[in-house]
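This report concerns only the one structure given below.
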Amino acid sequence: MDVEGAHAGIQLPEGPWWDWDGGQLRLAANYDLSYYHCLELVFGDPLLANCPSAFHDPTFRAPSRDELLRVTRQLGEKPPVVVAFEADAGGQEPVSCLIAAERLDIVQETVLRHWREDAVPGQRFAPWVRSPDQRAVSG
């Protein structure tokens, strides 16, 4: 959609049941994400995420005073974790990103992003990876 175009309206059913339980926001990092990743930033109980769905080469920094004030006003209190970064989202300039959460875990381990028959026992796979047996049952 171009910047000047109109947004398409979406009709959603009315009701008081709307709620969101994200649980975790997981950013995966590696030099090449084709086959595996070795680093994850796991934001537990994310409170706010202001970043594009795809970005590259983030440069992390301390959140500015204005960013902290804005997040605190939006959430009604200062969150335990606020992470800020600039990243390449494909545009002409980097985008400023901000994530607030109850906690942050940094996980360093190899996570395979495709099925491998020769994986060692206990090897972790990305959530979307299925063995051929699992694909046959679900497909």
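This is a predicted model, so every value here is computed, not measured.
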Residue pair Leu39, Asn30: steps toward the side-chain contact (heavy atoms from CB on, under 4.5 Å) verdict: CA-CA 7 Å; Leu39 176 68; Asn30 203 48; over 6 Å; no

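- Residues Ala126 and Val111 come closest through the heavy atom pair N-CG1, 3.5 Å.
- Residues Glu102 and Leu47 approach most closely at OE2-CD1, 3.7 Å, considering heavy atoms.
- If you take CD on Gln74 and CG on Leu69, they are separated by 11.0 Å, rounding to the nearest 0.5 Å.
- Judged by distance alone, the side chain of Glu67 and the main-chain N or O of Ser64 form a donor-acceptor pair under 3.5 Å.
- In plain terms, the two heavy atoms of Pro52 and Cys97 that are nearest each other are CD-SG, 3.7 Å.
- Both Phe55 and Phe60 are part of a single hydrophobic cluster, where members link through side-chain heavy atoms under 4.5 Å apart.
- Smallest separation of non-hydrogen atoms from Ala101 and Pro46: CB-CA, 3.9 Å.
- Between the side chain of Arg113 and the main chain of Leu33, a donor-acceptor pair closer than 3.5 Å is present.
- In summary, of the residues considered (Ile99, Leu104, Leu41), a side-chain contact (heavy atoms from CB on, under 4.5 Å) with Leu25 occurs for Ile99 alone.
- Cluster partners of Val129 are Tyr35, Tyr36, Leu112, Trp115, Phe125, Trp128, counting Ile, Leu, Val, Met, Phe, Trp and Tyr whose side-chain heavy atoms approach within less than 4.5 Å, directly or via other members.
- The distance from atom NZ of Lys78 to atom CZ of Arg73, rounded to the nearest 0.5 Å, is 14.0 Å.
- Annotation: the span from Gln108 atom CD to His37 atom NE2 amounts to 12.0 Å, rounded to 0.5 Å.
- Contact check for Val83 versus Leu98: no side-chain heavy atoms found under the 4.5 Å cut-off.
- Screening Val71, Leu68, Leu48 for a side-chain contact (heavy atoms from CB on, under 4.5 Å) involving Pro79 leaves a single residue, Val71.
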Step by step, work out the side-chain contact (heavy atoms from CB on, under 4.5 Å) result for Glu40 and Arg124. CA-CA 13 Å; Glu40 293 179 334; Arg124 198 166 139 226; 2.7 Å; yes

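- Between the CZ atom in Arg70 and the CG atom in Leu75 there is a gap of 10.5 Å [rounded to 0.5 Å].
- Between the CZ atom of Phe43 and the CZ atom of Arg26 there is a distance of 11.5 Å, given to the nearest 0.5 Å.
- Side-chain atoms of Glu86 and Ser96 include a donor-acceptor pair closer than 3.5 Å.
- Of the N and O atoms on the side chains of Asp32 and Ser34, at least one donor lies less than 3.5 Å from an acceptor on the other residue.
- Side-chain atoms of Gln123 come within 3.5 Å of backbone N or O of Thr110 as a donor-acceptor pair.
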